[in-house]
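The next block holds one structure in the form of structure tokens; read it before the comments.
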2 protein chains.
Amino acid sequence: MVARYELIADELREEILSGAYPVGSQLPSEAELAGRFRAARGTVRQAVAVLVAEGLVGSRQGARRIVLGAARSQSFAELHSFAQWARAGGYRFGGQVIEQRRRRASAAESARLGGGEVLEVLRVRTLEDEPVLVERTVYAGWVASVVERLPADCESVTEALYDTIGLVFAYGEHLIDAVSAGVHDARLLGVRRGSPLLRQRRTTTTHEGRPVETSDDRYRAGSVAFSIRNSIGANPLVRQAIDLRSRG
Amino acid sequence: MVARYELIADELREEILSGAYPVGSQLPSEAELAGRFRAARGTVRQAVAVLVAEGLVGSRQGARRIVLGAARSQSFAELHSFAQWARAGGYRFGGQVIEQRRRRASAAESARLGGGEVLEVLRVRTLEDEPVLVERTVYAGWVASVVERLPADCESVTEALYDTIGLVFAYGEHLIDAVSAGVHDARLLGVRRGSPLLRQRRTTTTHEGRPVETSDDRYRAGSVAFSIRNSIGANPLVRQAIDLRSRG
DNA sequence: GAGTGGTCTAGACCACAAA
DNA sequence: TTGTGGTCTAGACCACTCG
């Protein structure tokens with residue numbers, strides 16, 4: 001079942017991406033759109049809200065909505081899963097488990113994952129046959145045995161978890177910064193020790209808010225960037241200071 | 001004029017942050033909230049949508065909403081303006097113009113800012129008396145003369161532009177990656193050449209979609225991180241591959 | 001002042017989750 | 001089966017922008 005407002009949003013999005021409404025131009029008024037789609041005003045408002053959330057359209061009281069940009073944004077799955085992202089972008093990609101072991105959760109991991117035993121996995125991912133990402137993922141105890149049984153060159157753990165036990169990743173929290181490559185990272189990525197890496201630390205949970213994994217992902221500089229659109233009133237991205245006294 | 005749904009959202013947010021609804025617990029149903037606040041269901045839905053967008057609350061059809069996290073998120077202004085962010089966080093901060101000159105826009109800048117003459121400004125920002133950020137900002141010609149007249153140690157260009165000509169930054173686009181420090185950056189930040197820097201490139205526009213500035217900001221590693229909460233259905237953050245053949 | 005988006009209401013029906 | 005959130009409607013009033 002696809003909602004009416006989604007269909008309207010899709011149609012408007014296509015028109016924006018195709019250039020029917022160029023960047024900087026005005027969108028039709030809500031009344032006009034309601035007439036065109038034979039829908040209530042509330043429904044077209046919901047449709048336009050989707051485009052505003054995507055950063056495609058800007059909105060302010062009293063003035064016509066304007067087109068801000070014309071780039072497609074990606075789904076949660078594509079941010080969460082390297083494989084799904086790479087596939088959607090049409091890249092050649094791969095991955096390999098380097099090391100894997102069960103151990104007791106540290107204090108910090110217990111707070112995030114719920115304690116007990118955890119499974120730590122070290123993977124290297126390639127894009128266009130070059131290693132670009134070192135992934136250190138810690139899985140909660142309740143998924144450990146499933147992850148352990150996956151092949152070492154499993155393309156997508158996310159998809160495998162869904163296929164085997166119906167697990168869906170639904171919410172994520174991400175912390176992004178830069179670090180320099182240690183000896184180990186440098187060797188795995190084929191860069192010099194001390195090279196800049198883009199680090200993404202994340203924790204992911206299910207629909208019910210149950211934590212599944214926490215990960216420390218390090219990208220070789222120059223391979224991947226993160227992109228965000230934001231506006232007054234909708235600000236997903238947040239800057240954080242790192243404690244300047246006790247640097248890690 | 002503060003909207004009713006904002007007041008309701010504020011009240012619920014306070015309850016979440018204070019621990020009245022701990023992480024993992026369920027929120028009251030829409031019907032209960034409507035009764036408690038004597039508002040229509042649509043209004044409480046709007047209120048809860050705010051919390052969902054902030055990443056505090058998770059929502060799915062058929063099940064009670066759950067509390068995902070209990071961290072305050074920041075405003076657009078705080079992401080956009082170093083000064084406003086640092087002040088909101090209670091940090092000691094400062095800034096200094098190192099170099100400033102007018103020149104013709106490059107091709108790339110013309111595409112983003114609209115051509116003609118631009119003003120390029122190089123600033124260093126400090127946090128807790130340590131240099132943490134090198135900012136290379138290019139202002140569109142129509143704001144250049146205003147920016148030129150600001151004092152070299154102006155704390156907040158954003159605020160100054162608002163105070164002098166009523167200019168409001170409304171929309172931003174951000175690209176985040178890691179680079180290594182060049183000789184110049186290294187000297188300005190007091191780090192070794194080749195050290196990792198967190199780079200944020202951004203373009204900002206007014207309410208009308210008129211571009212104001214584009215900037216290349218580089219943070220010393222270990223000083224600042226970016227943080228994001230996302231979920232299925234609401235995904236502001238996007239990962240981008242950088243062309244692997246022609247790296248820059 | 002006319003037009004536009006923002007807020008709010010009241011009620012209906014549907015899809016989905018959980019017991 | 002019951003309760004919950006998701007969708008949609010229709011209409012009202014308000015705040016704001018812009019000519």
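Letters go in sequence order (proteins before strands), and every chain restarts at 1.
With C:dG5, D:dT4, D:dT9 as the candidates, the nucleotide lying closest to the side chain of B:Ser29 is D:dT4. Between D:dG5, C:dG6, C:dT4, one nucleotide has an atom nearer to the side chain of B:Ser59 than all others, and that is D:dG5.
When the C1' atom of C:dG5 is taken as reference, atom NE2 of B:His207 falls 13 Å away, rounded to whole Å. Note: CZ (A:Arg64) to P (C:dT4) measures 5 Å, nearest angstrom. If you measure from atom CD of B:Gln46 to atom P of C:dT7, you get 6 Å, rounded to the nearest angstrom. Here the P atom of nucleotide C:dG5 and the CD atom of A:Glu32 are 8 Å apart, to the nearest Å. Here the C1' atom of nucleotide D:dC16 and the CD atom of A:Glu30 are 13 Å apart, to the nearest Å. Rounded to whole Å, atom C1' of D:dT9 lies 17 Å from atom CZ of A:Phe37. For B:Leu7 and C:dG6, the CG to C1' distance is 15 Å, given to the nearest whole Å. With rounding to whole Å, B:Glu6 atom CD is found 14 Å from C:dC8 atom C1'.
Annotation: the span from A:Arg123 atom CZ to A:Asp153 atom CG amounts to 11.0 Å, rounded to 0.5 Å. Separation of atoms CD1 (B:Ile8) and CZ (B:Arg13) is listed at 12.5 Å; rounding is to 0.5 Å. A:Leu33 CG to A:Thr43 OG1: the interatomic distance, rounded to the nearest 0.5 Å, is 12.0 Å.
Between A:Arg199 and A:Asp177, at least one side-chain nitrogen of the basic residue sits less than 4.0 Å from a carboxylate oxygen of the acidic one, meeting the salt-bridge criterion. Ion pairing between a basic and an acidic side chain is recognised when a charged N comes within 4.0 Å of a carboxylate O; A:Arg104 and A:Glu109 show no such pairing. One finds no salt bridge joining A:Glu173 and A:Arg112 here, because no Lys/Arg side-chain nitrogen approaches an Asp/Glu carboxylate oxygen to under 4.0 Å.
Counting non-hydrogen atoms under 4.0 angstrom, A:Ala31 reaches nothing in the nucleic acid. Among the protein residues, B:Arg45 comes within range of the nucleic acid bases, having at least one heavy atom under 4.0 Å from a base atom.
Regarding contacts with the backbone of C:dT7, every side-chain N or O of B:Thr43 stays at 4.0 angstrom or more from both OP1 and OP2. Considering only side-chain N and O atoms, B:Arg65 lies under 4.0 angstrom from the phosphate OP1 or OP2 of D:dG6.
Counting non-hydrogen atoms of neighbouring residues, nucleotides and ligands closer than 6.0 angstrom, the CZ atom of A:Phe37 exceeds 12 such neighbours.
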Exercise for the section: Between protein and nucleotides 11-19 of chain C, map the contacts as a letter string: B base, S sugar-phosphate only, - none, heavy atoms under 4.0 Å, written 5' to 3'. Expected result: -B--BBSS-
